[in-house]
Amino acid sequence: MWMIMMFIFITELLFYTWCRVQNVQHGYEISREAHNQKKLIAYQNNLKIELARLKSPDRIAKIATQQLGLIMPTTDKTILMP
């Protein structure tokens with residue numbers, strides 16, 4: 001009878017220890033993913049800033065005139081649609 005009680009006690013102790021270890025590991029994983037999320041949000045903000053810079057009308061006009069050789073049309077070359 002005494003051996004059965006010891007076996008049950010040791011089994012409960014091992015199960016409790018296993019639960020605590022799993023809890024700590026999940027805590028570390030949550031912390032790691034929270035840090036990863038912060039890095040991704042910062043990266044997303046940088047991409048939004050870069051997109052706004054690339055969409056700048058001044059930049060587009062500069063590329064159109066310097067690299068593509070485009071010019072603003074004169075009044076005699078514009079056609080008004082009714």
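- Residues E50 and L47 form a side-chain contact, since some pair of their non-hydrogen atoms from C-beta on lies under 4.5 Å apart.
- Between I49 and R53 there is no side-chain heavy-atom pair separated by less than 4.5 Å.
- Under the side chain to side chain contact (heavy atoms under 4.5 Å, CB included) criterion, H26 pairs with Q22, E29, not counting sequence neighbours.
- Through direct or indirect side-chain contacts shorter than 4.5 Å among Ile, Leu, Val, Met, Phe, Trp and Tyr, I4 is connected to I8.
- Note: W18 CH2 to L13 CG = 14.5 Å, rounded to the nearest 0.5 Å.
- Considering CE of M5 and CE of M1, their distance stands at 6.5 Å, rounded to 0.5 Å.
- Residue pairs satisfying the side chain to side chain donor-acceptor pair (under 3.5 Å) criterion with at least one member in residues 65-82, sequence neighbours excluded, are listed as follows: T74-D76.
- Summarising the geometry of I60 relative to L54, their closest heavy-atom pair is CG1-O, 4.1 Å, with the distance given to 0.1 Å.
- Atom CD1 of I41 and atom CG of N45 lie 7.5 Å apart (nearest 0.5 Å).
- Atoms CG and NZ, on L51 and K48 in that order, are 10.0 Å from each other to the nearest 0.5 Å.
- Contact of the I63 side chain with the R59 side chain is registered, since non-hydrogen atoms from C-beta on lie closer than 4.5 Å.
- Screening E33, K39, Q37 against H35 for a side chain to side chain contact (heavy atoms under 4.5 Å, CB included) leaves a single residue, K39.
- Between T11 and F15, the closest side-chain pair of non-hydrogen atoms is not below 4.5 Å.
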